[in-house]
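Count residues from 1 along the sequence. Just so it is clear, the model here is predicted, and its values are computed rather than measured. Side-chain atoms are counted along with the backbone in the values below, which use heavy atoms only and exclude waters and symmetry mates.
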Amino acid sequence: MGDTNGQVVAGGNGKGNRLDQLDQPTDVLIDKETDSLIICDWGNVRVVRWSRRSGTTQGEILIDNIACLGFAMDGQRYLYVSDTYEHEVRRYQIGDKNGTIVAGGNGKGAGLNQLNYPYYILVDQQQTVYVSDQNNHRVMKWNKGAEEGIIVAGGQGYGNVLTQLSHPNGLFVDTLGTIYVADSLNHRVMRWPKEAKQGTVIVGGNGKGEGANQFNDLRGLSFDRHGNLYVVDYNNNRVQRFSIE
């Protein structure tokens, strides 16, 4: 906090596929167990790990040939990765190269056992997987071991009424099962209570723009422990913070 300059902790050697380079990284998480960063290196179709220890000059490939856009880690240190080319989410033990399909995996489509361009993922303590099923304009919940998912937000086609989403991205699920979703091309963040048929707009929803109450294509979102909401406002090239009651 308070720094005016950042510090490069991975990559920084131009775009490329060498072990000291990244290409369009899309997501990152901290693995406290190994004090390292795990990175979705999307342009290189791989997941890589970089130690956070000083003197690290290159990463190592954890998973190859996966079009990873988003991922999450559960309490048992399983890694969940969305594969946008195969339209599925796979779960990996660290060091395992193959993984197990835990959502989708039945080709691109809109069936309950299918996904179409899965992006952001969230996993709860029961290993339930929530995934923003972007091109189906819905958020899906896959219980552990389930053969198909449950629509928990959207799923009424592309649109901007309160029952619809338009290319959903970032996700957050609270302890009550309330879902917060970055409704990217509607330029709003929505809240969907558990089993609700429609959501409510909590920020944005004032059209595409650069105002303090506007967005231009949303990506990730997260909350801090004080209840502040942080939103990646992609085409406005900024991160916004909101205090949510």
Side-chain angles (χ1 to χ4, degrees), residues 6 11 15 22-29 39-45 67-72 80-85 87 89 103-104 108 110 115-122 130-141 151-174 178-192 198-224 227-244:
K15 172 179 168 178
L22 299 169
D23 182 354
Q24 301 174 78
T26 55
D27 207 350
V28 62
L29 57 81
I39 302 164
C40 268
D41 191 9
W42 187 71
N44 284 322
V45 201
C68 157
L69 264 185
F71 56 17
Y80 297 73
V81 185
S82 63
D83 188 335
T84 54
Y85 290 177
H87 308 286
V89 178
K108 172 178 161 182
L115 298 168
N116 184 351
Y117 208 78
Y119 197 154
Y120 288 85
I121 305 171
L122 193 136
Y130 295 84
V131 54
S132 52
D133 188 11
Q134 198 182 72
N135 288 348
N136 282 327
H137 314 293
R138 65 190 185 185
V139 177
M140 298 291 287
K141 171 184 174 180
I151 299 169
V152 289
Q156 303 294 320
Y158 174 93
N160 62 7
V161 298
L162 293 178
T163 56
Q164 293 177 306
L165 298 169
S166 176
H167 298 283
N169 277 326
L171 292 175
F172 182 85
V173 182
D174 70 15
T178 304
I179 294 160
Y180 297 81
V181 56
D183 188 11
S184 70
L185 295 189
N186 284 326
H187 315 292
R188 65 192 184 186
V189 177
M190 296 192 75
R191 175 166 52 205
W192 290 66
Q198 66 177 46
T200 55
V201 179
I202 57 169
V203 288
N206 300 299
K208 180 168 86 172
E210 297 176 10
N213 64 347
Q214 292 180 303
F215 300 107
N216 184 354
D217 188 358
L218 292 75
R219 297 296 167 100
L221 60 78
S222 63
F223 283 89
D224 68 17
N228 294 308
L229 169 67
Y230 297 80
V231 185
V232 177
D233 190 5
Y234 186 71
N235 283 330
N236 279 329
N237 309 298
R238 64 190 183 186
V239 177
Q240 295 209 65
R241 182 177 67 193
F242 300 88
S243 178
I244 303 296

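Heavy-atom minimum distance, Pro168 versus Asp133: CG-O, 4.3 Å. A pairwise comparison of heavy atoms in His87 and Tyr117 identifies ND1-N, 3.1 Å as the closest pair. Smallest separation of non-hydrogen atoms from Ile121 and Ala72: O-CB, 3.9 Å. The nearest pair of heavy atoms linking Gln214 to Lys208 is NE2-O, 3.8 Å.
In this structure, Val173 and Val152 have side chains that are not in contact, with every pair of non-hydrogen atoms separated by 4.5 Å or more. The side-chain heavy atoms of Thr200 and Leu162, taken from C-beta on, include no pair separated by under 4.5 Å.
Paired with Leu218 under the rule side chain to side chain contact (heavy atoms under 4.5 Å, CB included), one option of Asn169, Val189, Asp233 passes, and it is Val189.
For Arg188 (side chain) and Asn160 (main-chain N/O), a donor-acceptor pair under 3.5 Å exists by modelled atom type. Between the side chain of His137 and the backbone N or O of Gly155 there is no donor-acceptor pair closer than 3.5 Å. Although no hydrogens or angles enter the test, the distance criterion places a donor-acceptor pair under 3.5 Å between the side chain of Asp41 and the main chain of Asp23.
Expressed to the nearest 0.5 Å, how far CD of Gln134 lies from CG of Leu115 amounts to 12.0 Å. Here the straight-line distance linking atom OH of Tyr119 with atom CG of Asp27 works out to 7.5 Å at 0.5 Å rounding. Taken from CE in Met190 to CD in Gln198, the straight-line distance is 7.5 Å, to the nearest 0.5 Å.
Between Phe223 and Phe172, the ring planes lie tilted relative to each other; the angle falls in the 30° to 60° range.
In this structure Tyr130 satisfies the ring-ring contact (aromatic ring centres under 6.0 Å, His included) test with no other residue, sequence neighbours excluded.
Aromatic pair Phe242/Tyr180: centroids not less than 6.0 angstrom apart.
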